[in-house]
Amino acid sequence: MISFLKASEIFQSIESISSRNEMTVILAEAVRVLDEKDIQVFSYLVQGRVAPMFIPAEYNLSEKGLINALSNVYGNEVSVLRKKEGDLGSAVEKLVDHKTKGLSLIGVYEALWTVVNSQGSGSVDIKAQIFLNTVKQMSPLEARYFTRIIVGSLRLGCSTRTLLDAFSMFLVGDKSKRDVMDKAYGSCADIGYIASLVKEDNPLKHLEEVVPIPGIPILSRLVERVKSFDEVKDRFPSTFMVQPKYDGLRCQIHKIGDSQKSLSERIWFGRQTAPSHIDMFGGVQVPKVKLFTRNLEDITDMFPEVVESAINMGGDSFILDSEVVGWNAKEKKFLSYQDTMTRRRKYGIEERQQNIPVNAFAFDVMYLDGKEILNRKTGERFENLEKLFEKGESSIQLSPVYITNEVEELRELFKEYIGMGLEGVIVKDVDGGYSPGARDFEWIKIKKSIDNNLVDTVDLVVLGYYLGSGKRSKFGIGAILGGVYNPDSETYESVTKIGTGITDEQWGTIKGRLDTIVVKEKPKNVAIEGIMKPDVFVSPEVVITVDADEVSVNRKSESVARGLSLRFPRLIEFDRDKNPEDATTIDELLLMKK
DNA sequence: GCTGCCTGCCC
DNA sequence: ATTCTGC
DNA sequence: GCAGAATGGGCAGGCAGC
């Protein structure tokens with residue numbers, strides 16, 4: 001049983017290097033030294049969690065809450081240090097000076113669980129007390145990583161995939177068994193469980209036997225983005241598969257067969273600490289259908305029409321991949337992402353079902369009638385999927401598929417789908433398998449935003465900036481606040497923050513320029529939505545060009561810039577040679593909204 | 001009982 | 001989600 | 001090209017405070 005100090009020292013040595021090969025060696029050595037329980041807990045903590053993604057175990061306490069708690073003890077110094085360090089963990093490390101025996105790794109894990117488990121009235125204070133009491137027993141280095149785990153940003157420079165490399169390194173001395181690790185972890189996304197197998201006798205045999213079980217989510221396959229049709233042709237010289245890209249919510253549909261045995265054979269250490277209501281492995285009664293998001297959150301209760309359709313359709317047991325999208329039956333139109341997302345709720349589902357009915361568009365099948373079919377070719381898996389569908393009403397629809405080798409046909413399909421209000425196309429290698437968790441160019445997306453006629457480019461006025469976190473803190477800036485011009489009132493109104501599209505080199509230039517026009521308070525001709533208040537205000541005179549996928553409207557706050565904002569904003573050019581009055585106006589922005 | 005803040009999770 | 005960066 | 005770490009808007013829900 002190792003100490004949390006020892007674990008913290010491992011974290012520290014990893015953090016201090018940038019070579020992932022070196023990190024892998026360090027982690028492999030940790031795997032060798034730690035016993036089975038410790039390595040399970042260690043693995044969860046590297047993910048910043050106490051349990052797998054599909055177990056609802058959240059701290060519900062993060063930076064603001066921790067600062068609040070700490071300020072009661074250490075005063076304003078906390079905020080000051082946080083801003084300076086760009087990291088609350090490093091700030092806490094500097095504040096505490098405890099020469100203690102420290103805690104065991106398991107002890108810290110238990111403390112994190114008590115944070116997770118405290119809920120209800122008064123829980124904010126209780127969580128804060130648990131945090132403070134735990135930190136009190138820690139050395140500065142331990143406090144640094146304990147804090148970072150709760151904040152959800154360990155900043156080690158490595159995560160799950162490096163751990164999988166390390167497991168391989170521990171087992172065979174190199175990364176060659178990474179494919180086995182990927183398959184095992186992809187089929188059961190519980191890093192603690194995988195870590196425990198690594199420490200068993202005959203580990204590779206156990207790992208190779210890990211297969212998907214309906215009821216336990218598998219990792220979703222992800223897509224890479226491509227910016228031209230020609231790039232598709234380069235990557236797929238012969239045939240490829242084309243499917244529409246829906247703008248909704250990824251949904252893995254599990255139908256659990258009658259004959260299936262209990263899910264409880266998969267043991268994870270945290271079970272002993274988890275309250276029974278979140279222990280899905282306890283398996284009191286195995287449900288017929290379960291639904292999971294892309295990140296494996298259980299959303300079964302949110303879409304009863306999908307659950308019912310899964311029960312009624314063909315197949316004794318299966319795992320399907322799908323996209324859930326709201327549907328306006330009257331106008332035969334897909335609903336916007338924003339509208340669809342209102343279905344992602346815990347209460348009032350039946351009422352919302354009336355206004356926002358959804359369809360799940362199934363595009364893949366990874367498990368069918370008792371067998372995993374991950375390694376079957378994508379084209380063949382789709383043929384299996386088609387067979388599950390019969391004519392008739394259903395909230396699960398088959399997503400159309402075209403197999404072609406013509407880029408011209410791809411263009412036509414793209415146009416057609418955009419016309420239908422969809423987001424673009426997904427293109428796949430027909431002969432590849434379903435590699436859980438992979439994000440590579442076997443599956444690619446082309447979004448409508450590649451088309452210059454459709455993309456929304458705007459000129460905004462810089463109204464202020466924000467101090468950055470992590471690696472941005474050394475620049476003293478992490479994001480910029482942009483606004484539109486309102487010629488009627490001659491004011492500048494905040495629209496969006498921009499924090500991406502900027503190179504490390506640019507940050508220096510940007511900060512230098514903005515610091516020449518810093519103002520102490522918000523200028524009178526500037527209106528800012530409360531939540532967007534920047535750390536530093538500047539005089540509204542620098543114009544920037546910002547790209548975005550679309551113009552959105554926030555229904556909750558329409559007081560500033562009519563609630564207009566941008567979806568996926570990124571900086572294209574800083575400091576255009578332009579007067580602020582020539583920036584995009586609020587009316588122009590409104591016209592750009594589709 | 002209402003509102004604002006915070007958190008987590010979708011994209 | 002998008003984008004940048006070290007390996 | 002992979003993996004990781006910066007960052008975006010906006011939705012629901014939980015809790016504290018009034």
Side-chain angles (χ1 to χ4, degrees), chain A residues 17-23 53 56 58-68 86 119-127 150-165 178 222 224-225 246-251 293-297 299 302 323-324 336-348 352 423 438-441 445 447 449 466 468-473 475 477-482 495-507 529-532 546-557 563-572:
Chain A
I17 55 179
S18 54
S19 159
R20 284 189 43 255
N21 280 338
E22 285 178 49
M23 292 176 192
M53 290 296 293
E58 276 72 50
Y59 308 118
N60 285 310
L61 169 71
S62 195
E63 197 156 278
K64 295 275 170 61
L66 290 180
I67 289 175
N68 216 333
Q119 287 168 359
S121 183
S123 63
V124 169
D125 281 345
I126 293 171
K127 283 173 195 279
I150 294 178
V151 172
S153 155
L154 212 37
R155 293 188 231 267
L156 299 180
C158 76
S159 191
T160 311
R161 287 155 200 275
T162 311
L163 260 183
L164 295 176
D165 275 340
R178 174 61 192 275
L222 306 175
E224 276 287 358
R225 187 170 37 119
Y246 301 94
D247 193 9
L249 184 66
R250 189 81 174 265
C251 181
T293 66
R294 186 183 107 161
N295 292 322
L296 317 184
E297 197 200 352
I299 48 167
M302 298 177 193
E323 186 87 2
V324 164
S336 68
Y337 172 72
Q338 265 172 280
D339 284 335
T340 300
M341 281 299 281
T342 65
R343 280 294 305 272
R344 196 179 173 286
R345 54 169 52 238
K346 197 169 163 185
Y347 309 105
R352 196 60 62 105
E423 228 192 344
R439 185 198 292 275
D440 57 32
F441 287 91
K445 64 179 166 185
K447 294 181 68 169
S449 49
Y466 306 85
S469 306
K471 62 183 177 184
R472 292 269 170 95
S473 58
F475 304 123
I477 180 171
I480 303 166
L481 178 63
V495 154
T496 185
K497 297 193 271 187
I498 307 103
T500 192
I502 301 141
T503 63
D504 286 1
E505 203 187 340
Q506 271 181 298
W507 281 118
E529 220 284 300
I531 205 166
M532 298 188 125
V546 175
D547 204 356
D549 276 19
E550 58 192 14
V551 177
S552 60
V553 188
N554 183 327
R555 295 178 181 79
K556 276 177 193 151
S557 56
L564 293 172
S565 193
L566 300 178
R567 191 181 188 194
F568 312 142
R570 54 264 193 187
L571 187 74
I572 299 301

request  = Tell me, please, whether A:Y466 has A:K497 positioned over its six-membered ring: NZ or CZ under 6.0 Å from the ring centre and within 45 degrees of its axis?
outcome  = yes

message = Any base atoms under 4.0 Å from A:T340, or only sugar-phosphate, or nothing? Heavy atoms, all strands.
response = nothing

ask   = Which of these passes side-chain contact (heavy atoms from CB on, under 4.5 Å) with A:E63: A:L66, A:I67, A:L61?
value = A:I67

query = Taking CZ from A:R439 and C1' from C:dT3, how many angstroms apart are they, rounded to a whole number?
reply = 12 Å

message = Reading DNA chain B from 5' onward, which residue's closest nucleotide shows up sooner: A:R344 or A:I531?
response = A:I531

task = Whole angstrom is fine here: how far is it from CD in A:E423 over to C1' in B:dC11?
result = 8 Å

inquiry  = Is there a side-chain contact between A:K471 and the phosphate of C:dC4, meaning an N or O under 4.0 Å from OP1 or OP2?
reply    = no

inquiry  = Counting the atoms with a prime plus P, OP1 and OP2 as sugar-phosphate, which does A:L571 contact under 4.0 Å by heavy atoms, base, sugar-phosphate, or nothing?
reply    = nothing

ask   = Along DNA chain D, 5' to 3', what are the outermost nucleotides having an atom less than 4.0 Å from a heavy atom of chain A?
value = D:dG1 to D:dA16

message = Which heavy atom of A:M23 sits nearest to which heavy atom of A:C158, and what is that distance?
response = SD-CB, 3.5 Å

inquiry  = Can you measure A:I572 atom CD1 to C:dT2 atom P for me and round it to whole angstrom units?
reply    = 13 Å

query = Can A:D339 and A:R555 be counted as an ion pair, charged N to O under 4.0 angstrom?
reply = yes

message = Would you say A:T162 and A:R20 are linked by a side-chain donor-acceptor pair, where the criterion is simply a distance under 3.5 Å?
response = yes

ask   = Are the charged groups of A:E323 and A:R294 less than 4.0 angstrom apart, N to O?
value = no

task = Measure from NZ on A:K447 to P on B:dC11 and round the result to the nearest Å.
result = 11 Å

task = Would you mind checking if A:K447 and A:E423 are paired as a salt bridge, meaning a charged N to carboxylate O distance below 4.0 Å?
result = yes

query = Tell me: CG of A:D549 to C1' of C:dT2, nearest whole Å?
reply = 9 Å

message = By the 4.0 Å heavy-atom rule, please label A:R343 as base, sugar-phosphate, or nothing.
response = nothing

query = Expressed in angstrom and rounded to an integer, what is the separation of A:W507 atom CH2 from C:dT5 atom P?
reply = 11 Å

message = I want to verify a distance call: between B:dC10, C:dT3, C:dT5, whose nearest atom is closest to the A:D504 side chain?
response = C:dT5

query = What does A:N21 touch in the nucleic acid at a heavy-atom separation under 4.0 angstrom: a base, only the sugar-phosphate, or nothing?
reply = nothing

Gap between atoms CG and P, on A:D339 and B:dC11 respectively (whole Å) = 16 Å

inquiry  = Please report the distance, rounded to the nearest Å, between CG in A:N295 and C1' in B:dC11.
reply    = 10 Å

Touch class at under 4.0 angstrom, heavy-atom based, for A:M302 against every strand present = nothing

message = Can you work out whether A:D125 or A:R567 has the more 5'-proximal nearest nucleotide on DNA chain D?
response = A:R567

ask   = Is a side-chain N or O of A:S473 found less than 3.5 angstrom from the main chain of A:S469, in a donor-acceptor match?
value = no

key: Residue mapping more 5' on DNA chain D - nearest nucleotide basis, A:K346 or A:S565   = A:S565

request  = For A:G248, answer base if it contacts any base atom (sugar-phosphate contacts may also be present), sugar-phosphate if it contacts only those atoms, and nothing otherwise; contact means non-hydrogen atoms under 4.0 Å.
outcome  = sugar-phosphate

inquiry  = The side chain of A:R570 is closest to which nucleotide in this list: B:dG8, C:dT2, B:dC10?
reply    = C:dT2

inquiry  = Under 4.0 Å, counting only non-hydrogen atoms across every strand here, what does A:G468 touch: a base, just sugar-phosphate, or nothing?
reply    = sugar-phosphate

request  = Please work out if A:V324 contacts a base, only the sugar-phosphate, or nothing of the nucleic acid, heavy-atom cut-off 4.0 Å.
outcome  = nothing

